[in-house]
Amino acid sequence: MASEKTVPVAVVMGSDSDLKVMQGCVEQLGEFGIDATVRILSAHRTPQAAAEFAQNAEARGIKVIVAAAGMAAHLAGAMAAWTTLPVIGVPLAAEGGPAGLDALLSTVQMPPGVPVATVAIGKAGARNAAILAVQILALADGDLREKLHQFKKKQEQTVREKDAALS
Ligand code: RP5
């Protein structure tokens, strides 16, 4: 896992307690050969550091920000408030909370003018955030586009094999 290098994707999260789930995002990016800058930044606990990170992200060469948080999850929105880079929000399920529905609504319900591309809650969202980030980067990168085609083919093949094994 990289930190503070010039890499195209930043994966930020509200707490170190989010790391276990967000490791899936970092791993998925790694499968496409993409290193990520990984940071713990909180819209509520470290608001200034979060704002500064978003303000400086573009100048540092970051192209996409993935922001994950649980509970009243404002991190993705707080990033989007300060940058024109695409921001992908991953709502997370906090222990003892309503299974991530709190974070889902907090992340997705952005006011007009400040979009956050919100993916599924938890593990699936962490993986999909990585794939969506790759899809955005692939718009200007033929090699990545080819890797995405291969990824889709492999995924289909895996399901077909599981289906065949049942019959
Ligand atoms: C959010 O509050 C974090 O993103 C985390 O999901 C949740 C709980 O944080 P901790 O109390 O575990 O640090 O800000």
Side-chain angles (χ1 to χ4, degrees), residues 1-138 151 155:
M1 197 184 295
S3 69
E4 288 304 326
K5 282 198 299 179
T6 303
V7 292
V9 180
V11 178
V12 302
M13 63 205 81
S15 167
D16 62 337
S17 66
D18 301 328
L19 253 177
K20 194 169 164 221
V21 172
M22 290 313 293
Q23 192 62 36
C25 181
V26 175
E27 281 170 16
Q28 186 71 72
L29 287 166
E31 283 170 29
F32 286 99
I34 295 172
D35 240 356
T37 289
V38 180
R39 294 288 305 272
I40 310 292
L41 296 166
S42 168
H44 305 120
R45 292 167 174 160
T46 62
Q48 195 158 345
E52 281 168 12
F53 182 86
Q55 285 163 2
N56 297 328
E58 189 175 352
R60 286 181 41 206
I62 290 166
K63 303 273 189 284
V64 184
I65 297 175
V66 175
M71 306 189 80
H74 294 137
L75 183 59
M79 292 285 122
W82 286 109
T83 184
T84 58
L85 295 173
V87 176
I88 302 170
V90 186
L92 299 176
E95 210 178 311
L101 288 175
D102 45 358
L104 174 63
L105 291 175
S106 303
T107 305
V108 78
Q109 284 293 79
M110 290 297 291
V114 191
V116 166
T118 304
V119 293
I121 297 165
K123 267 166 67 176
R127 290 264 168 199
N128 277 348
I131 297 162
L132 182 53
V134 174
Q135 288 173 326
I136 293 168
L137 296 174
F151 172 81
Q155 186 167 247

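The chain is numbered in sequence order, starting from 1. Ligands are counted one by one from 1 in listed order, and the atoms in each one are counted from 1 as well.
- For the side-chain hydrogen bond (donor to acceptor under 3.5 Å, both in side chains) condition, the pairs that include at least one residue of residues 63-75, sequence neighbours left out, are H44-H74.
- Sorted by first and then second residue, the side-chain hydrogen bond (donor to acceptor under 3.5 Å, both in side chains) pairs with a member in residues 111-131 read E27-R127, Q28-R127; sequence neighbours excluded.
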Name each donor-acceptor pair under 3.5 Å that joins a side chain in residues 99-115 to protein atoms two or more places apart or in another chain, with its distance.
{"residue": "S106", "atom": "OG", "partner": "D102", "partner atom": "O", "Å": "2.8"}
{"residue": "T107", "atom": "OG1", "partner": "A103", "partner atom": "O", "Å": "2.7"}

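- A donor-acceptor distance shorter than 3.5 angstrom exists from the side chain of D18 to the backbone of S15, with no hydrogens or angles considered.
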Polar pairs, ligand 1 vs protein, N/O only, below 3.5 Å.
{"residue": "ligand 1", "atom": "4 (O)", "partner": "D18", "partner atom": "OD2", "Å": "2.6"}
{"residue": "ligand 1", "atom": "4 (O)", "partner": "G70", "partner atom": "N", "Å": "3.1"}
{"residue": "ligand 1", "atom": "6 (O)", "partner": "D18", "partner atom": "OD1", "Å": "2.6"}
{"residue": "ligand 1", "atom": "6 (O)", "partner": "G70", "partner atom": "N", "Å": "3.1"}
{"residue": "ligand 1", "atom": "11 (O)", "partner": "R45", "partner atom": "NH2", "Å": "3.1"}
{"residue": "ligand 1", "atom": "12 (O)", "partner": "S17", "partner atom": "OG", "Å": "2.6"}
{"residue": "ligand 1", "atom": "13 (O)", "partner": "S15", "partner atom": "OG", "Å": "2.6"}
{"residue": "ligand 1", "atom": "13 (O)", "partner": "R45", "partner atom": "NH1", "Å": "2.7"}

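- Taken to the nearest 0.5 Å, the CZ atom of F53 stands 4.0 Å off from the CD1 atom of I62.
- Paired with P86 under the rule side-chain contact (heavy atoms from CB on, under 4.5 Å), one option of V66, L132, I136 passes, and it is I136.
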